[in-house]
Amino acid sequence: MKVVFWLLDVNYEKREEIPEIWMWGINASGERILVIDRSFVDYFYAVVKEDREVMQVAEDIKCQHHASIEKLEIVERKHFGKPVKALKVYCKNPDETAKLAKSLRNLESIEDCFEDDVRFSMRYLIDNNISPCGWHEVEAFEEEPDANVSVDKTFVAKSAPKASEKTSVPKLRTLAFSIIRYSREGSPKAHKDPVVIISTANSSGEEKQFLADEAKNDKQMLETFIEHVQKFNPDIIVGYGSNERDWPYLRERCKKLRLPLHVDRTKTEPHKSTYGHVSVTGRANIDLADYADEFPEVKVKTLENLADYLGAAKTEKRTIIEEIDYAEHWESTEKRELLKKFSQENTRSIMMIADAVLDFATQLSFLVGLPLDHVGTAAAGLRVEWFIIKNTRDEGELVPRRTEQPYMPYTGGIVLSPKPGLHEKVAVLDFKSMYPNLMITYNLSPDSYVSPNMPEPTTGVYVAPEVGHKFRRQSDGFFKKILLQLIKARSEIRSKMNEFSPESAEYRVLDARQKAVKVITNATYGYAGWVGARWYIKPVAEATAAWGRHVIQTTIKMAETAGLKVVYGDTDSIFIAYEKKKVEQLSKEIQAKLGLEVELDKVYERVFFTEAKKRYAGLLSDGKLDIVGLEAMRGDWAMVAKTVQEEVLTIVLKERSPEKAKAFVKQFISDLRQKRIAYHDLVIWKTLTKPPSEYEVKAAHVEASKMLKEKGWDLTVGDKVGYVIVKGSGRLYERVKPYMLASYDEVDIEYYVTKQVVPAAARVLESFGVTEEQLLSVQEKSEGKKLLTDFFET
DNA sequence: GCGTTCAATGTACCT
DNA sequence: ACAGGTACATTGAACGCG
């Protein structure tokens with residue numbers, strides 16, 4: 001019978017020594033099904049040395065390793081575009097593929113072995129062109145389901161599944177959860193500290209909370225929670241920080257309580273995979289923290305901040321309870337209610353983020369071919385890499401091994417020094433997807449690179465400016481093929497989007513898909529220059545950047561020749577005085593001369609530059625302000641400084657009144673000194689980028705993290721530390737306190753005045769002759785009427 | 001011995 | 001654990017002065 005299913009998860013099991021691929025899916029009628037394929041045989045490639053007789057080498061190996069080799073084929077493949085003869089070695093036991101490859105690699109007749117590092121289940125997906133989060137068809141027969149497997153039906157595949165045309169996404173059951181752990185002092189430890197609250201919410205709109213008993217025993221609660229998961233039987237489980245915190249804690253806690261944490265579909269427990277995610281067999285476990293980078297506007301990526309950004313704040317003002325106060329809240333009858341409410345709110349926030357992110361996650365998984373639970377934890381470079389692996393199969397290109405490479409930096413894009421001050425009517429012209437298009441135009445790819453010791457092809461080469469790297473003109477490299485395919489796909493998706501209303505499910509899915517395509521397209525250049533890339537060839541990235549410099553420099557010259565003043569530019573954009581006709585004409589000329597598309601990205605009514613690069617603010621015709629690079633956009637400045645700077649920019653750009661801005665700043669400083677500003681707005685957040693012991697100099701946020709550690713609160717690399725500066729003497733790092741451990745009275749307000757608010761404001765106002773001293777002076781005359789004495793203020 | 005100078009360190013941003 | 005280019009605050013040792 002023909003079975004059609006949408007692939008949710010895949011894993012590999014071995015039953016009676018037979019390797020099985022298990023595909024967990026959903027069929028068109030919404031049944032949860034398992035499709036088992038017992039026919040797939042793992043393999044790897046052994047590339048034979050050029051001077052060796054391939055047949056002979058094959059015979060020798062077959063004899064020598066007949067016990068572990070299922071079969072052996074002689075094949076033609078490519079390695080960085082170069083044709084090679086290889087043996088495709090099929091292995092009886094997938095668990096021993098790498099071992100066998102390792103021993104063959106030592107053979108004198110073998111150059112190297114490849115793809116033994118592609119895991120069995122990924123091998124299966126790639127070879128059969130199966131995409132997670134996509135629909136497939138398979139000839140199969142139904143089998144009696146295993147008692148330990150919770151699905152509606154189980155099938156055994158008679159042949160490999162085939163991708164289907166269907167592009168919809170089935171209705172998925174999603175369960176969100178968050179936990180509250182009780183700890184009297186410091187970070188909770190699973191061996192002693194119980195989980196006291198688990199809050200859940202699901203895609204059917206139900207919310208359920210589980211509580212420990214009065215003696216804080218959590219065993220029964222955990223049991224009920226596990227039952228609840230099984231009963232709802234979700235396809236997707238979402239949490240925030242769940243891979244690093246919740247799952248490991250629940251696992252350890254359950255182990256201690258001798259309770260099997262059976263939340264999956266096969267009665268096994270969540271397990272940490274090599275990719276860093278926690279895998280729940282038969283479901284997709286997703287840690288939404290892995291998608292927090294999708295929201296760069298949110299600087300401190302707490303659950304609350306993300307939810308607020310996504311619109312939670314509009315509905316209701318929540319009370320945030322710090323982890324440090326959980327125990328106290330649990331102990332008090334009234335406060336416990338607040339804690340319960342807070343916990344449920346957290347889960348609601350998780351659901352909200354899931355709504356904002358899951359379409360994208362699904363489409364990314366479908367595009368790059370990594371299972372839904374892997375794709376989130378996979379770093380950008382690995383997402384690109386799996387996409388390449390999936391899409392170079394038909395090329396016959398072997399997947400290179402990851403090798404240790406020396407890091408050699410190279411020159412990147414050009415940044416122009418801005419013309420400081422205010423400018424009226426400035427157009428921003430930029431090249432559409434400049435790097436991907438350069439890679440297409442000049443065939444920049446790992447397999448089309450012509451190294452200095454290679455003979456130049458008769459059909460000619462492209463020679464990159466400045467750096468001189470050569471790439472063959474004829475026969476497209478796989479980067480070019482892939483990028484063309486991606487760009488075409490995106491424009492097709494975007495035109496299809498027009499057929500639907502922006503509110504429809506179809507539109508949402510398509511939008512998520514075009515976003516996924518864009519992400520992979522734009523990351524390809526970065527991938528090319530990444531030393532850790534399997535297909536790392538430095539000249540590919542270096543030549544791309546060199547062509548980019550050539551293009552932007554040519555563009556600048558053409559603009560100037562056309563009589564257009566260039567005010568600023570960065571990598572793939574130029575800011576020019578806006579003269580409609582001339583700019584339109586220029587765009588056409590650039591397109592004709594360079595073969596790349598330029599776009600009039602925006603026109604600023606007015607734009608402000610300091611002398612620094614990468615920092616400016618522009619006013620758009622709809623009254624919106626674009627602030628770029630300045631303190632107001634940074635996460636490591638106190639809110640007081642950011643809001644003041646934003647207001648200053650607004651006044652200066654909209655009203656052109658530095659005087660008014662100055663008055664505003666002075667008023668604000670006065671308010672600040674009178675403590676009329678929220679304590680929260682004084683907190684400074686900085687990331688701990690390495691273990692505290694590895695810092696070479698003392699730093700405020702590191703000292704703050706040490707103080708937290710003293711109190712038992714562990715922070716790990718990547719965490720943000722929130723601190724305030726308190727009164728006292730000595731270096732800054734000697735006057736720091738974690739914000740939860742300090743009070744307003746201790747705060748050194750003058751630090752915030754002189755080192756946060758004034759510098760942020762002066763960054764803008766100094767261009768207009770307003771000095772830091774003037775902002776700090778108390779008796780300044782208003783309305784801009786300056787007295788002689790104003791110039792002598794200190 | 002003390003204040004000043006400046007390269008190094010560290011973080012976060014832009015395209 | 002995608003690239004390079006850039007700004008800026010703070011540290012801490014070298015430096016200059018006397």
Glu397(A) and Trp535(A) side chains, donor-acceptor separation under 3.5 Å: yes
Whole angstrom value for the distance that separates P of dT10(C) from CD of Glu734(A): 14 Å
Side chain to side chain, Val717(A) and Leu688(A), heavy atoms closer than 4.5 Å: no
Positions of residues 539-556 of chain A (non-hydrogen atom under 4.0 Å from DNA chain C), listed by number: none
Shortest side-chain distance from Val415(A), nucleotide among dA3(C), dG5(C), dG12(C): dG5(C)
Side chains of Ser433(A) and Lys518(A), donor plus acceptor under 3.5 Å: no
Any residue meeting salt bridge (charged side-chain N to carboxylate O under 4.0 Å, His left out) with Arg615(A), in chain and number order, not counting sequence neighbours: Glu631(A)
Sugar-phosphate, base or nothing in reach of Gly635(A), heavy atoms under 4.0 Å: sugar-phosphate
Touch class at under 4.0 angstrom, heavy-atom based, for Gly526(A) against every strand present: base
Sugar-phosphate only, base, or nothing, as touched by Lys690(A) at under 4.0 Å among non-hydrogen atoms: sugar-phosphate
Tyr751(A) vs dA9(C): side-chain N/O to OP1/OP2 distance below 4.0 Å: no
d(NZ, Lys755(A); C1', dT10(C)) in whole Å: 9 Å
Salt bridge Lys481(A)-Glu395(A), side-chain N to carboxylate O under 4.0 Å: yes
Distance in angstrom units between Leu416(A) CG and dA7(C) P, rounded: 13 Å
is_close_aromatic(Phe471(A), Tyr462(A)), centroid dist under 6.0 Å: no
Members of residues 426-435 of chain A that approach DNA chain B, where some heavy atom sits under 4.0 Å away: none
Contact boundaries on DNA chain B for chain A, cut-off under 4.0 Å to non-hydrogen atoms: dT9(B) to dT15(B)
For atom CZ of Arg634(A) and atom C1' of dT10(C), their distance in whole Å: 13 Å
Basic-acidic side-chain contact under 4.0 Å: Glu115(A), Arg123(A): yes
Touch class at under 4.0 angstrom, heavy-atom based, for Ser573(A) against every strand present: nothing
Residue Glu631(A), side-chain heavy atoms: nucleotide from dC2(C), dT6(C), dC8(C) that is nearest: dC8(C)
Between Trp247(A) and Asn285(A), a side-chain donor and acceptor under 3.5 Å: yes
Spatial distance of atom OG1 (Thr571(A)) from atom CD1 (Ile552(A)) [nearest 0.5 Å]: 8.0 Å
cation_pi(Lys690(A), Tyr695(A)) dist<6.0 Å, angle<=45: yes
Among dG12(C), dA9(C), dT6(C), the one nearest Lys613(A) by side-chain distance: dT6(C)
Derivation and outcome, side chain to side chain donor-acceptor pair (under 3.5 Å), residues Lys480(A) and Thr441(A): CA-CA 8 Å; Lys480(A) 177 169 179 174; Thr441(A) 306; over 6 Å; no
Residues touching DNA chain C, which here means a heavy atom under 4.0 Å, drawn from residues 691-705 of chain A: Val697(A), Lys698(A)
Mutual orientation of the aromatic rings belonging to Tyr525(A) and Tyr410(A) [parallel < 30°, tilted 30-60°, perpendicular > 60°]: perpendicular
Electrostatic pair Arg401(A)-Asp116(A), nearest N-O below 4.0 angstrom: no
Sugar-phosphate, base or nothing in reach of Arg402(A), heavy atoms under 4.0 Å: nothing
Any Tyr407(A) side-chain nitrogen or oxygen under 4.0 Å from OP1 or OP2 of dG4(C): yes
Rounded distance (nearest 0.5 Å) linking atom CE of Met408(A) with atom CD of Glu542(A): 10.5 Å
Sugar-phosphate only, base, or nothing, as touched by Phe609(A) at under 4.0 Å among non-hydrogen atoms: nothing
Salt bridge present between Glu772(A) and Arg763(A) (N-O < 4.0 angstrom): no
Modelled atom types, side-chain donor and acceptor of Ser573(A) and Asp570(A), under 3.5 Å: no
Sugar-phosphate, base or nothing in reach of Arg731(A), heavy atoms under 4.0 Å: base
Length of the CG-P vector between Asp290(A) and dA1(C), whole Å: 14 Å
Sugar-phosphate, base or nothing in reach of Val384(A), heavy atoms under 4.0 Å: nothing
d(CD, Glu611(A); C1', dA7(C)) in whole Å: 13 Å
Contact under 4.0 Å: Arg763(A) side-chain N or O vs dA9(C) OP1/OP2: yes
Under 3.5 Å side-chain donor-acceptor pair for Lys720(A) and Thr687(A): yes
Contact nearer the 5' end of DNA chain C, comparing Gly413(A) with Ala523(A): Ala523(A)
Spacing of Asp570(A) atom CG relative to dG5(C) atom C1', expressed in whole Å: 8 Å
Value in whole Å for how far the C1' atom of dA1(C) lies from CD of Glu385(A): 10 Å
Difference in axis direction between the ends of the helix from dG1(B)-dC17(C) to dT15(B)-dA3(C), five pairs, 10°: 20°
Parallel, tilted or perpendicular: ring planes of Tyr449(A) versus His469(A), cut at 30 and 60 degrees: perpendicular
